[in-house]
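Just so it is clear: chains get the letters A, B, ... in the order the sequence lines come, proteins before strands, and each one is counted from 1. This one's a predicted model, so the numbers in the text were calculated from it and none came from an experiment.
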Amino acid sequence: MTPRPLRGLIAKLLVLILRRTGQLERGGLTVLAWRDELAQGLARYHQAAYLAGQGGGTLSEPARQVVARLVQAQLDFLDNFALQLQSAAEWQKRYNARAALYAGSIKVPYWIGRTRMLPLPFMPAQGTQCGNNCGCAWRVEQLEGEGNYDCYWERGKTDSCQTCVARERGNPYRIREGMLR
Amino acid sequence: MPLKVLIPKQLAADPRRMARAIENALTGAARAAKADFETTTATWEHQPAFDIQVSAPGERVIGTDDRIYSYLDQGTRPHDIAPRKPGGLLRFSASGFRPKTRPGYIGSNKGATGSSGPVFTRRVRHPGITARGFATAIQKKWQRELPVTFQRAIDSEVAS
Amino acid sequence: MTDTAQQYHDLSKSVRRFDLTDRGGGVVRLNIWGMGPLVPQALPPDLPPSVAERDRWLRMTPHVEGLWSSALNIAITKTAALAWDIDSDQPRISQRMQELLLHADGGRGWVYFLSRHLRAYCCNTRGAVVEIARQTRVYGSRLAGIHHLPTSRCVPTGDPDIPILYHALDGREYELKWWQVIHFVDMPDDEEREANICAASRAYPHILKLAAIERYVLEKVSGSRPLEVHIVNGISPSQIDDAFATAKEDQIRQGHVNFMGVVLMTSVQADAEVSGYRIPLAELPDGFNRKEEFDIALLAYADALGLDPQDVQPLTGQQLGAGAQSQVLEQKAKGRGLLAWRQDFVHQINELVMPESCRFYFSEKDIRDDKLRAEADKTRIEAVGAMIEQQMINPQQGLQLLVDAEIAPEEFLAQDQTAMTTIGDDDKPESEADATDVEITPGGESEDMGVETKATADLLDAEIAAAYALAHEVLG
């Protein structure tokens, strides 16, 4: 199950994206204005997702750099999309669906924040049989000493896929002095 | 194949931290690959053991020495099967058998032993096992994912 | 691919087969190539005492110092490109030996094999290891090929029966018996403590110095770190720390803006005196002459590698050193480096690889040697002519002598009276030989794509307040 804060952010971002894209479809916005609105939304929600993942606090400089890189990657995709819209002869239904996909991009900064930017081997939905339906999550226990953590892959559903079951069998994933064991 | 990762200048100038990021990325990808190997035998009765070896700095080898797994992974040629005991008989189902694994798929199913009546014979010509290519599929998958894992390790170093 | 080439591509008789995936089960090997960032920015001033660690640094030296890398490349290509011959009175055996050497290293070829081997020889105190793969592990078994083994995975044991342990990529150790391996070492330690001295070791002080000089110049030009501080007014210690931190942050934030590596400090004390004091943090000594330092280093590299200084001369574009100095160095070089290797290599190949009936040797083709050879030929021709004049031999016998000395072509003779057969590496006894090209496979390089664009950075800054509010809202 996707964590509640992340669900809330995805839902809000999705509403923003669909509203603006609807306006663009009806001719109420230029492509450039639509692109700028979405860019602002992505910047805002990526940062918010990271902060929500780490449970509040502030955005450190290393975290800011990571989030900035993720946002830049999304903006590169967005610019490409805008170019295609600009040169399209007429609106197509799939443009709405494609725009909606951007909302899911904030999962990555959320999980990076949630896992405190530890060098974990994989993230939920990364390489799993269940794909985007993955309901698993990491639980991180900080131990004494710097850079020492025990991390547990926790399955969110009783019928998790074979990949998630196998990953759970690898618990705990130990990090000692910053090195994944 | 070149990796595309973003490495901050201050980290690139620090070999010790770069080495740690690389080792973390490889360990992470190796553990993920090992988990994938285990999914390919999840429904088997016979459970091969998979391990991770540090063959050299900057490299990991993940695999098993299990002979039966290698038959499935790499396939076999057509071969004759005879009973172990001289003068004995072979027994197997004529139809309905469904294998637990299939080529290129990282995972395993329940399979089926076959429902039709047993067949007895002194010798049979086995058509050979189609190679499942587990290692190839897992290699491809995690070598492709390695930049993502590596980036995560880099970000972790930057944050630490 | 010909049958011959196919035969030598088969690594099943080599210990290197354990580097491949055949572990009896599914095997995945993950690696990260493009170790560019792992190349150290600075070599250590003193090499560590551990041989493995020491060799690790020495192997990195071509990556760190460009002129050393070029000198090494000259030495390696010059030697790898040497012509060689196999003398034998049994043409079939000498042909097979020729094929064996031409398809060295699993069919990659002689030049490729020798290039790797020589680089290991020059850059490892542990030297270079050649595996003699045979059909079986029994002494005297038929040869299957020769292979270069990575020195980092070969451990000398000191046991003459099992001289090398090979650590294969499957994680296991394999013993190599004395008839399965040749171990080449430069300047072997007389105390057998593995304190051998390879070319990179000998050249190390110069490599270190030149790398530091180049780095200083690069940092000065690119302004990537403060090289001097100009104090304009009075200053406190904490301001010095902050200034460096700020300078670095500033530079990173601004991307490629250079400020010539100078940190400018101003005082917060309005009534402080102006001092204009300059503190150098790194600078070249007075009277430093970069060109001279290069020349000194290059001569040292030539000496270390056993090269004629004239061979590295193209790297500077002019004659290196005074004439007398060059000649002295050339004479000195004959006793070390690759000239010593050549003697050892020929001896070991003849002892352990060639059958009794064959003899391997290098034949130099050099303009200076051609001139010497022409002079020797002239002397021989004059001698044969004198023998014919004095009727010691008849003209036909004189011609035979000149054909044997390879002065006159064989075709001049109606029938060759002598039985010696020589086959060179560029001969083609039966069919067209494939060209053997040197293949350099560069590793991939990780790309530093840099930080986000300024527009993105501004966008993030503009939205941060709203982001905090959102996060607060969803966290409840």
Is there a donor-acceptor contact under 3.5 Å from the side chain of B/R31 to the main chain of A/P121?
no
Apply side-chain contact (heavy atoms from CB on, under 4.5 Å) to residues B/T27 and A/R181 and explain how you reach the verdict.
CA-CA 7 Å; B/T27 304; A/R181 297 284 169 85; over 6 Å; no
Interface moiety of B/I106 toward chain A, non-hydrogen atoms closer than 4.5 Å:
backbone
Neighbour count above 12 (heavy atom, 6.0 Å) for A/R139 CZ:
yes
Spatial distance of atom OG (B/S156) from atom CG (A/L180) [nearest 0.5 Å]:
9.5 Å
Need one label for B/T40: side chain, backbone, both or neither, based on atoms under 4.5 Å from any heavy atom in chain A.
neither
For a side-chain contact (heavy atoms from CB on, under 4.5 Å) check, start with the C-alpha distance between A/M117 and B/E157, then their side-chain angles and the critical distance, and finish with the verdict.
CA-CA 9 Å; A/M117 293 177 70; B/E157 279 300 318; over 6 Å; no
Under 4.5 Å to a heavy atom of chain A? For B/D155 that would be both
Heavy-atom cut-off 4.5 Å, strictly under: side chain, backbone, both or neither for A/E168 against chain B?
neither
Could you tell me which portion of A/T163 (side chain, backbone, both or neither) has an atom closer than 4.5 angstrom to a non-hydrogen atom of chain B?
both
Do you know which of A/R167, A/Q129, A/R169, A/R116 has the most heavy-atom pairs under 4.5 Å to chain B?
A/Q129
Using modelled atom types only, decide if a donor and an acceptor are shared between the side chain of B/N24 and the backbone of A/P119 within a distance under 3.5 Å.
no
Going by heavy atoms in the side chains, are B/R152 and A/T115 under 4.5 Å from each other?
no
Give the C-alpha distance, both sets of side-chain angles, the deciding distance and a yes or no for side-chain contact (heavy atoms from CB on, under 4.5 Å) between B/T43 and A/Q162.
CA-CA 10 Å; B/T43 56; A/Q162 289 174 331; 3.9 Å; yes
Considering residues, nucleotides and ligands other than A/R176, do more than 12 of their heavy atoms fall under 6.0 Å from its CZ?
yes
For B/R77, does the CZ atom sit with more than 12 other heavy atoms under 6.0 Å from it, leaving out its own atoms?
no
Would you check if B/T149 and A/Q126 make a side-chain contact, meaning some heavy-atom pair closer than 4.5 Å?
yes
Does A/E141 have more than 12 heavy atoms from other residues, nucleotides or ligands lying within 6.0 Å of its CD?
yes
In terms of heavy-atom contacts, does OH of A/Y152 have more than 12 from other residues, nucleotides or ligands at under 6.0 Å?
yes
For a quick test of reading the model, state the closest non-hydrogen atom pair linking A/G178 to B/R20 and the distance between them.
O-CD, 4.0 Å
